[in-house]
Amino acid sequence: MSDSDSSDVHQSAADSPAAPTAEEQGPGWMPAILAATLLMGMAGFIFCGVSTWFLFQKRGEMAVRTIRGSYIPDIEQSRLSPEQKKLIVKRLETFAGSVERKEYENWQASGVMQRLQRLPVLQWGELAAVESFVQQQDEGDTEESLKQISRLRRATELDKATSFDFEDVLSPVHEPADNALGRQLMQPLTNAAVNEVIVRAKLVADRSEVPDEMFTDIAIDAIVQEQINAGIAAGGF
């Protein structure tokens, strides 16, 4: 090939348009992907909003189902005395019936349930078992131990101790179990475990600023009714 022919070839290559790069080939699928993502996000937002509104409107019905389907059966299986069980169940059934008759609004039913879930109703019977163990001991600090147990109950009555506090206080006398709670009261109780419960009860009572004295006649069914009344009047927390 002559020099002139080679020059013509190079000139033709230089004059021909360059192959388009990836950026010059157009937007491709990116806008479609972004649009689909945006639509999916909007759909999810709408779905969550509708679901929340639906559940919000069903709070009364859900409260009744929870009370009768879960809360009352758990109470009936608890360590509460038969008389306490009967009184609490009666108060709960009265409230549930009122909700069914639309005597209370949804926010009231929801508020009551929030308060009930914070109450150490199930743990109350376990604390009574610990108290009974203490009463059977002949040690000199029995009276002091009973006082700390009464102070813990008083903290609950003042709405300063919750089921979470009771779970922590009673954890030394709990052992794993294959049940809904995943634990049960150890049998038999031991002095070491019960002494640790007393120490923790005192800590919760001190934190709750309960006076260092013995309290009596604190009934869990009365506390349940107080929280039901508070939820009806002011809702939840």
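Heavy atoms only: backbone and side chains are in, while hydrogens, waters and symmetry mates are out.
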I'd like to check [X] versus [Y] (side-chain heavy atoms, cut-off strictly below 4.5 Å). Are they in contact?
X: I220; Y: L80; answer: yes
X: H174; Y: E126; answer: yes
X: T162; Y: P120; answer: no
X: R183; Y: P176; answer: no
X: L122; Y: F166; answer: no
X: P82; Y: K85; answer: no
X: V99; Y: I67; answer: no
X: D212; Y: K147; answer: yes

- Please report the C-alpha distance between Q225 and N229 in whole Å, then the side-chain angles of each, then the deciding distance to 0.1 Å, and finally whether the side-chain hydrogen bond (donor to acceptor under 3.5 Å, both in side chains) criterion is met. CA-CA 6 Å; Q225 187 60 56; N229 294 340; 3.0 Å; yes

Please round to the nearest 0.5 Å and tell me the distance separating atom [atom1] of [X] and atom [atom2] of [Y].
X: D221; Y: E83; atom1: CG; atom2: CD; answer: 8.0 Å
X: S208; Y: L203; atom1: OG; atom2: CG; answer: 10.5 Å
X: D168; Y: S163; atom1: CG; atom2: OG; answer: 11.5 Å

- Is it true that a side-chain atom of S110 and a backbone atom of N106 form a donor plus acceptor pair closer than 3.5 Å? no

- Message: Going by side-chain hydrogen bond (donor to acceptor under 3.5 Å, both in side chains), D165 matches just one of K160, R118, Q123, R207. Which one?
- Response: R207

May I ask whether [X] and [Y] are part of the same hydrophobic cluster, defined by side-chain heavy atoms of I, L, V, M, F, W, Y residues being less than 4.5 angstrom apart, directly or through others?
X: I198; Y: I218; result: yes
X: V130; Y: L146; result: yes
X: M62; Y: L116; result: no
X: V199; Y: M214; result: no
X: F133; Y: V173; result: yes

- Query: Between R153 and E157, is the closest basic N to carboxylate O distance under 4.0 Å?
  - Reply: no

- Task: Check the pair E93, R68 against salt bridge (charged side-chain N to carboxylate O under 4.0 Å, His left out), reporting the backbone distance first and the verdict last.
- Result: CA-CA 8 Å; E93 282 288 0; R68 290 179 172 161; 3.1 Å; yes

- Item | Check against side-chain hydrogen bond (donor to acceptor under 3.5 Å, both in side chains), R200 and S171 | CA-CA 10 Å; R200 296 185 180 209; S171 60; 2.8 Å; yes

